[in-house]
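Taking it in order: structure first as structure tokens, then the write-up.
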2 protein chains.
Amino acid sequence: MTKVTAQLSVSADGFYAGPQFAGDGDWMDSAESAGFFRVTRWVTEAMSWRERQGFAGGEQDTNSAVVAESFEAAGAYVMGRRMADGGEVPWGADPPFRAPVFVVTHRPRQTLLREGGTSFTYVTDGVASAVEQARAVAGGKNVAVAGGGSLVRQVLKAGLLDELELHVVPVVLGTGLRLFDADLDLGDKEAIELTPTRVIHTPQVTHIRYAVDGRAPLVLDDRGSGGGPTVTTN
Amino acid sequence: MTKVTAQLSVSADGFYAGPQFAGDGDWMDSAESAGFFRVTRWVTEAMSWRERQGFAGGEQDTNSAVVAESFEAAGAYVMGRRMADGGEVPWGADPPFRAPVFVVTHRPRQTLLREGGTSFTYVTDGVASAVEQARAVAGGKNVAVAGGGSLVRQVLKAGLLDELELHVVPVVLGTGLRLFDADLDLGDKEAIELTPTRVIHTPQVTHIRYAVDGRAPLVLDDRGSGGGPTVTTN
């Protein structure tokens with residue numbers, strides 16, 4: 001059955017890139033890029049990712065298997081406009097997705113067909129429509145929300161996300177683009193509950209996969225204090 | 001050898017409590033408290049924590065062992081003023097620390113002696129002084145930064161933290177008090193590197209322990225792209 005999934009590499013303090021690049025100069029020299037490449041280093045070192053990019057070498061290890069599994073599980077992608085624009089040139093004629101990609105954008109544009117099974121279809125009527133269009137062609141595989149973080153947040157906020165995998169990288173960036181930065185429209189004393197379904201740990205990164213259970217009230221759970229107030233040592 | 005350690009329960013999106021309580025009404029009814037009790041639920045359910053509080057029952061499981069180990073490892077504590085104030089009444093005559101606690105505050109106050117080995121010494125000359133005073137009496141055990149989050153951040157920022165354990169709870173709070181919210185005085189393209197030293201996973205919480213390696217430059221690490229720009233699929 002098709003699930004809607006997202007996975008993102010984040011620092012221990014929740015950033016997936018450095019502070020957003022303002023647009024002057026080269027993105028590759030920016031602080032945004034420096035943070036981004038730090039948290040995705042485990043990806044760029046993975047042989048399975050390098051093969052998709054046409055690069056030689058890389059590590060054939062647990063992390064590489066996680067990347068390979070992620071590519072394999074995706075039957076179609078949903079992607080933010082900024083990521084799609086940024087990738088268009090470097091991904092070249094044979095982008096790594098090898099599946100239909102639906103780009104959420106405000107600007108209509110003709111579908112872009114690439115080699116290897118990748119296509120970019122520009123969806124102007126919102127996130128839910130992009131997810132539905134991706135689901136229709138995913139062939140029973142997953143719809144993978146490729147990023148960036150703001151799109152992942154939108155899909156989560158809309159209640160469309162079934163699974164979230166965080167690749168938690170052992171670094172504190174201190175500032176930058178956060179996966180969870182903006183209002184998710186959660187009410188007072190409301191949260192989105194998750195269930196961890198898989199944890200894989202390597203020295204480079206801790207992979208935590210969650211099923212998204214959905215919104216739930218935060219019930220005061222002051223267990224067994226006999227009615228008096230308690231403060232934990234945390 | 002004495003290490004300076006900190007451990008904090010956080011949501012998957014990095015909050016250790018709900019939005020800060022403004023001060024009208026009962027903290028126990030606040031959104032801050034609702035978030036706090038959600039991320040510390042695994043603690044309040046742990047038998048080892050309940051025993052220290054004088055509560056019956058609880059789970060005798062892996063999470064309880066993590067709490068017990070944490071209490072056992074601490075020879076002295078450093079604590080923020082807000083946490084110490086909030087705990088003073090509910091902790092009562094026999095607080096759960098059973099070790100000297102050094103409270104970082106601007107307000108001088110006489111040392112408070114409690115039963116069971118707990119004392120509260122009020123330190124007005126800064127975080128580094130509190131850590132040093134705690135180290136002097138820790139008897140070779142660890143100096144544990146008990147919280148809250150802003151004190152943990154200060155100790156990290158000052159380069160005094162040796163070990164950080166995050167107890168990552170499977171919930172998205174969306175808003176609240178973040179462990180990593182404020183400027184850590186990191187330079188442009190600078191980060192604090194960590195090394196994961198232990199990961200323990202349970203259905204309720206994923207415990208990730210890091211050694212703090214310290215500040216390091218973020219070097220652009222665009223492996224093997226042959227010089228051209230790359231964008232990962234993350």
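In this text, all values refer to a predicted model and were calculated from it rather than measured experimentally.
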- When Gly57(A), Gly18(A), Ala12(A) are compared by non-hydrogen pairs under 4.5 Å with chain B, the top option: Ala12(A)
- Task: Check whether Arg178(B) gets within reach of chain A through its side chain, its backbone, both or neither, counting any heavy atom under 4.5 Å.
- Result: side chain
- Message: Report which part of Thr206(B) has an atom under 4.5 Å of a heavy atom belonging to chain A: side chain, backbone, both, or neither.
- Response: side chain
- Task: Rounded to the nearest 0.5 Å, what's the gap from CG on Leu173(A) to CZ on Phe180(B)? Could you check?
- Result: 10.5 Å
- Which atoms of Ser30(B) come close to chain A, meaning under 4.5 Å heavy atom to heavy atom: side chain ones, backbone ones, both, or neither? backbone
- With sequence neighbours excluded, what pairs up with Arg98(A) under the salt bridge (charged side-chain N to carboxylate O under 4.0 Å, His left out) test? none
- Task: Mind listing the closest non-hydrogen atom pair of Pro203(A) and Pro196(B) along with its distance?
- Result: O-CG, 3.4 Å
- Task: Determine, stepwise, if the pair Val172(A) / Leu194(B) fulfils side chain to side chain contact (heavy atoms under 4.5 Å, CB included).
- Result: CA-CA 7 Å; Val172(A) 173; Leu194(B) 311 171; 3.9 Å; yes
- Task: Report yes if some heavy atom in the side chain of Asp13(A) is under 4.5 Å from a heavy atom in the side chain of Leu179(B); otherwise report no.
- Result: no
- Note on the structure: Checked Ala31(A), Ala6(A), Ala17(A) vs chain B; the most non-hydrogen pairs under 4.5 Å come from Ala31(A)
Using a 3.5 Å cut-off and no angle test, enumerate the donor-acceptor pairs between side-chain atoms of residues 184-192 of chain B and protein atoms at least two apart in sequence or in another chain.
from, atom 1, to, atom 2, distance (Å)
Lys189(B), NZ, Asp29(A), O, 2.4
Glu190(B), OE1, Gly187(B), N, 2.6

- Rounded distance [0.5 Å steps], NE2 in His201(B) versus CD1 in Ile208(A): 8.0 Å
